[in-house]
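Here is the structure we will look at.
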Amino acid sequence: MNLILGTGPLGMAVMRELVAQKEPVKMISFHGTAIVPQGVQVAKADLMDIDQAKSVMNGYKTIFQCAQPPYHKWSELCIPFQDNIILGAMAAGAKLVVAENLYMYGLVKGSMHENSPIAATTKKGKVRADMSRILSKLYEEGSLQVTIGRGADFFGPNVHNSSVGSRLFTPISKGKACTVMGNPDKKHTYTFIDDFGKALVVLSQHDDALGKAWHVPNTEAITTREFIEEAYQIAGFPPDIRTMGRAMLRLGGLFIPAARESIEMLYQFEEDFIVDSRKFTERFGVAATPLEIALDKTLHSVN
């Protein structure tokens with residue numbers, strides 16, 4: 001049986017792919033509740049408790065790590081959270097498939113690829129870099145069987161808190177104004193959540209994926225404005241795009257911790273943010289969902 005840590009949008013995308021392949025699935029969340037298809041088990045566990053982490057992972061051979069602490073508590077919680085998951089996976093003798101973002105690269109001129117330097121200068125970027133280095137070191141030492149899938153800001157069914165989550169797509173679906181961060185005329189790679197979930201399952205099924213980081217499939221980067229204009233066109237409305245910069249985020253951060261924590265990552269939306277995922281597609285023969293189809297599925301999920 002496959003164990004998925006986290007019942008958020010990515011955990012759900014992994015679950016949907018495994019169910020489509022008729023694979024048995026169990027999911028773990030802090031609250032132990034989730035709306036899932038018949039046959040999928042959901043259990044409760046606090047992964048910050050090492051005993052609970054080891055207990056829920058015992059007996060599983062493939063574990064998908066799709067959970068994370070609250071965004072505004074990354075600095076203090078991310079590494080101990082991952083440490084418990086690592087120890088649980090090692091105790092179970094399981095293969096660990098870890099989902100990561102792209103914070104560890106920092107500001108990159110040109111395209112990001114898997115061999116881009118780990119050069120983060122932000123607080124959260126350095127945390128993500130340290131977490132990835134820990135995984136790689138344990139693999140090199142022979143202590144942990146692990147593979148890593150890295151995705152950009154994702155969108156799609158059940159995605160709410162992303163920069164391109166339901167707060168963006170709900171107004172688009174109703175023909176109302178939407179708001180984006182940074183400069184909408186810079187190119188930006190966005191990852192469809194179903195592609196991310198499928199890619200993690202693919203990585204779990206190939207031993208030559210172990211010990212490496214892989215950029216999950218993405219469509220060609222376009223500007224955020226073009227991305228949103230296509231969404232409005234599919235929804236059948238004229239585009240109405242508004243922007244939010246640092247000043248507005250600082251104001252929001254007075255009341256919303258996640259907004260405050262987003263400020264240091266705003267460079268991703270003020271400059272081109274382009275991800276090269278050819279390595280994955282060439283090796284596994286899996287390409288990203290065409291953007292029009294991905295946007296259509298996303299819009300239907302928020303109606």
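One-based numbering along the sequence shown.
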Rounded to the nearest 0.5 Å, the OG atom of S163 sits from the CG atom of L266 at a distance of 10.5 Å

Pair H188-D272, side-chain donor/acceptor within less than 3.5 Å:
no

Heavy-atom closest pair (I193 atom, P9 atom, distance to 0.1 Å) is CG1-O, 3.6 Å

If you measure only the distance, is there a donor-acceptor pair under 3.5 Å linking the side chains of Y190 and T224? yes

*Check whether any side-chain N or O of T191 sits under 3.5 Å from a backbone N or O of F154 as a donor-acceptor pair, and report yes or no.*
no

Under 3.5 Å: donor-acceptor pair, side chain of T223, backbone of K186 = no

Do I4 and K26 have side-chain heavy atoms sitting under 4.5 Å apart?
-> no

Exercise. Can you find a pair of side-chain heavy atoms, one from K187 and one from E226, that are under 4.5 Å apart?
Worked result: no

Taking the side chain as every heavy atom from C-beta outward, state whether K174 and T170 have any atom pair closer than 4.5 Å. yes

In terms of heavy-atom contacts, F192 and G156 come closest through CE1-CA, 3.9 Å

> Strictly under 6.0 Å, is that where the ring centroids of F155 and F227 end up?
Replying inline: yes

Which label fits Y103 and W74: parallel for a plane angle under 30°, tilted from 30 to 60°, or perpendicular past 60°? tilted

Next on the checklist: Taking the basic N atoms (NZ, or NE/NH1/NH2) and the acidic carboxylate oxygens, is any pair closer than 4.0 Å for E229 and R225?
Outcome noted: no

Note: A53 and N84 closest approach over all heavy atoms is CB-O, 3.9 Å

Residues passing the side-chain contact (heavy atoms from CB on, under 4.5 Å) test with Q205, sequence neighbours excluded, are Q21, V201

If you count every heavy atom of other residues, nucleotides or ligands that lies below 6.0 Å from Q233 atom CD, does the total exceed 12? no

Item checked: Residues R16, D194: salt bridge by 4.0 Å N-O rule -> yes

**Prompt:** Is the backbone N or O of T298 less than 3.5 Å from a side-chain atom of S301, with the two atoms forming a donor-acceptor pair by type?
**Reply:** yes

ask   = Taking atom CZ of R278 as the centre, does the number of heavy atoms from other residues, nucleotides or ligands within less than 6.0 Å exceed 12?
value = no

| said: Show, in sequence, the C-alpha distance, side-chain angles and deciding distance for D130 and C78, and conclude whether the side-chain contact (heavy atoms from CB on, under 4.5 Å) test is met. | reply: CA-CA 10 Å; D130 288 343; C78 265; over 6 Å; no

On a heavy-atom basis, the closest approach of D49 and D51 is OD1-N, 2.9 Å

Would you confirm whether S132, through its side chain, and A129, through its main-chain N or O, come within 3.5 Å as a donor-acceptor pair?
-> no

Side-chain donor/acceptor of E264 to backbone N/O of K124, under 3.5 Å:
yes

Can any side-chain N or O of Q65 pair as donor or acceptor with the backbone N or O of A67 at less than 3.5 Å?
yes

### Verify same cluster id: V216, V98 (apolar side-chain graph, 4.5 Å)
no

Exercise. Quick one: does S143's side chain get under 4.5 Å of M90's, heavy atoms only?
Worked result: yes

Could you tell me if the side chain of D240 sits less than 4.5 Å from the side chain of Y232, heavy atoms only?
yes

Rounding to 0.5 Å, atoms CG (L203) and OG1 (T147) come to a distance of 4.5 Å

*May I have the step-by-step check of side-chain contact (heavy atoms from CB on, under 4.5 Å) for L144 and L96, ending in yes or no?*
CA-CA 8 Å; L144 178 68; L96 185 62; 4.3 Å; yes

When you measure from the side chain of N2 to the backbone N and O of T62, does any donor-acceptor pair fall under 3.5 Å?
no

Taken to the nearest 0.5 Å, the spacing of L77 CG from Y71 OH works out to 14.5 Å

- prompt: Sub-3.5 Å donor-acceptor pair from the side chain of E100 to the main-chain atoms of R150, do we have one?
  reply: no

- Would the H215 and F280 ring centres measure less than 6.0 Å apart? no

If we ignore hydrogens and angles and just use 3.5 Å, is the side chain of K279 paired with the main-chain N or O of A213 as donor and acceptor?
yes

Take atom CD of E141 as the centre, draw a 6.0 Å sphere, and report whether it contains more than 12 heavy atoms from other residues, nucleotides or ligands. yes

Verify same cluster id: M57, Y139 (apolar side-chain graph, 4.5 Å): yes

task = Check whether any side-chain heavy atom of M12 sits under 4.5 Å from a side-chain heavy atom of V36, and report yes or no.
result = yes

Here the pair of heavy atoms bringing S75 nearest to V127 is CA-CG2, 4.1 Å

Next on the checklist: Taking F269 as the starting point, is it possible to reach V164 by hopping between hydrophobic residues whose side chains are less than 4.5 Å apart?
Outcome noted: yes

For T179 and T243 the tightest heavy-atom approach is CG2-C, 4.1 Å

Mind checking whether L47 and I50 sit in one hydrophobic cluster, side chains of I, L, V, M, F, W, Y counted as touching below 4.5 Å? no

| query | Between F64 and L3, is a side-chain contact (heavy atoms from CB on, under 4.5 Å) present by the stated rule, with each step listed? | reply | CA-CA 6 Å; F64 296 88; L3 184 69; over 6 Å; no

| request: Take E230 and L295, measure what side-chain contact (heavy atoms from CB on, under 4.5 Å) needs, and give me the verdict at the end. | output: CA-CA 8 Å; E230 184 157 354; L295 289 173; 3.7 Å; yes

Check your understanding: Should the pair K198-D195 be classified as a salt bridge under the 4.0 Å nitrogen-to-oxygen rule?
Key -> no

Next on the checklist: A side-chain contact here means heavy atoms from C-beta on lying under 4.5 Å apart; do Q82 and I86 qualify?
Outcome noted: yes

Shared hydrophobic cluster, I274 / V108 (ILVMFWY, side-chain heavy atoms < 4.5 Å): no

Side-chain contact test, heavy atoms from C-beta onward, threshold under 4.5 Å: evaluate it for Q41 versus M27 and give yes or no.
-> no

> Is a donor on one side and an acceptor on the other found under 3.5 Å between the side chain of T7 and the backbone of A34?
Replying inline: no

